[in-house]
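The structure appears below as structure tokens.
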Amino acid sequence: MASDNYLSDLFSLDGRTAVVTGGSSGIGRAIAGALARAGAQVVIVARRETDLVDAVGELVADGCQAAWASGDLSTRQGVRTVAEEAVAVFGEPDILVNSAAINLRPPMGELSEEVWDTTMAVNLDAPFLLGQRFGPGMAERGFGRIIHITSQQAHRASVQSGAYGASKGALESLARSQAEAWSPHGVTCNTLVPGFVKTPLNARLSGDPGKVAELAARTLVGRNGLAEDFAGAAVFLASAASAYVTGQSIFVDGGFSVH
Ligand SMILES: NC(=O)c1ccc[n+]([C@@H]2O[C@H](COP(=O)([O-])OP(=O)(O)OC[C@H]3O[C@@H](n4cnc5c(N)ncnc54)[C@H](OP(=O)(O)O)[C@@H]3O)[C@@H](O)[C@H]2O)c1
């Protein structure tokens with residue numbers, strides 16, 4: 001059918017290779033699944049092997065091409081090692097998704113240097129290092145997609161933004177710098193900005209039904225986000241369809257941010 005060809009020319013990821021950090025849980029897992037189901041070969045990166053095996057097993061059972069590489073993104077050596085392990089599976093990636101992150105929330109006055117450093121290492125340094133490792137190759141090959149996951153707290157302070165908000169604000173700036181460098185060579189760099197999505201990242205907040213309802217009421221859609229809400233935006237940003245979208249922060253938040 002004409003519409004099948006039309007849609008696959010725009011959005012199919014057949015023949016593409018993706019690395020998705022944090023792809024074993026929450027939003028990253030949904031994005032990894034979406035890219036794999038759209039045709040990409042996907043390598044998922046995180047620390048815990050049981051979750052990695054589970055996420056990859058689900059995709060392979062669905063007929064997708066997926067694999068995992070376990071590594072700790074909180075150290076520079078850990079990032080370098082796992083990047084090479086990821087490449088060893090399906091080759092150099094066309095698509096890099098940085099979803100792995102941590103959110104430690106001490107009150108600002110008690111925010112230690114250790115929490116600051118760990119937060120920056122996982123949330124900002126790892127995406128930077130992976131960009132340096134994969135971005136130039138993408139540019140040389142003339143196609144690439146870098147997608148970071150940031151946060152409302154990159155734009156406004158709430159619920160003890162602390163180091164987390166600072167790391168996410170910097171990550172959006174990094175995306176713009178990467179876009180400036182590599183967009184002329186076919187590599188777009190964008191961020192997806194979630195609202196509130198119940199995942200292990202915010203287990204404490206998720207356990208407070210009053211707060212969860214309050215957050216849902218702040219959206220225009222009238223509910224909190226689901227990890228699956230990111231599937232379409234991720235496939236779009238990873239595909240040929242988004243060739244002219246770069247340096248952008250795209251809010252997938254049910255309208256949370258616009259009022
Ligand atoms: N959920 C929300 O409401 C929300 C809101 C705004 C922004 N976000 C952003 O969305 C992204 C995904 O969050 P999520 O809610 O889906 O979180 P999640 O379910 O907690 O998943 C986090 C993922 O990152 C991995 N990870 C964490 N630390 C790592 C490390 N040192 N090395 C390697 N992997 C590591 C985790 O696996 P291991 O623990 O096994 O390593 C897991 O796969 C994050 O960037 C987050 O900041 C989420």
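Counting starts at 1 for both ligands and their atoms, following the listed order. No hydrogens, no waters, no symmetry mates; every other heavy atom, side chains included, goes into these values.
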*Other than L205, which residues form its hydrophobic cluster under the rule that side-chain heavy atoms must be closer than 4.5 Å?*
F196, V212, L215, F256

*Return the protein residues near ligand 1 (heavy atom under 4.0 Å from any of its atoms), ordered by chain and residue number.*
G22, S24, S25, G26, I27, A46, R47, R48, G71, D72, L73, S74, S99, A100, A101, I102, V122, I149, T150, S151, Y164, K168, P194, G195, F196, V197, T199, P200, L201, N202

*With salt bridge (Lys or Arg N to Asp or Glu O under 4.0 Å) as the test, would you mind laying out the steps for R29 and D54 before giving the verdict?*
CA-CA 10 Å; R29 181 165 175 160; D54 188 60; 3.1 Å; yes

*asked:* Would you say that F251 contacts V258 through its side chain, given a criterion of any heavy-atom pair below 4.5 Å between the two side chains?
replied: no

*Share the residues that join F143 in a hydrophobic cluster, the rule being Ile, Leu, Val, Met, Phe, Trp or Tyr side chains under 4.5 Å apart at the heavy-atom level.*
none

Show every donor-acceptor pair shorter than 3.5 Å between a side-chain atom in residues 88-96 and any protein atom, with sequence neighbours excluded, or say none if there are none.
{"unit_1": "E92", "atom_1": "OE1", "unit_2": "R133", "atom_2": "NH1", "d": "3.1"}
{"unit_1": "E92", "atom_1": "OE2", "unit_2": "R133", "atom_2": "NH2", "d": "2.8"}
{"unit_1": "D94", "atom_1": "OD2", "unit_2": "T17", "atom_2": "N", "d": "2.8"}

*Tell me whether I146 is reachable from I149 by hopping between hydrophobic residues (I, L, V, M, F, W, Y) whose side-chain heavy atoms are closer than 4.5 Å.*
no

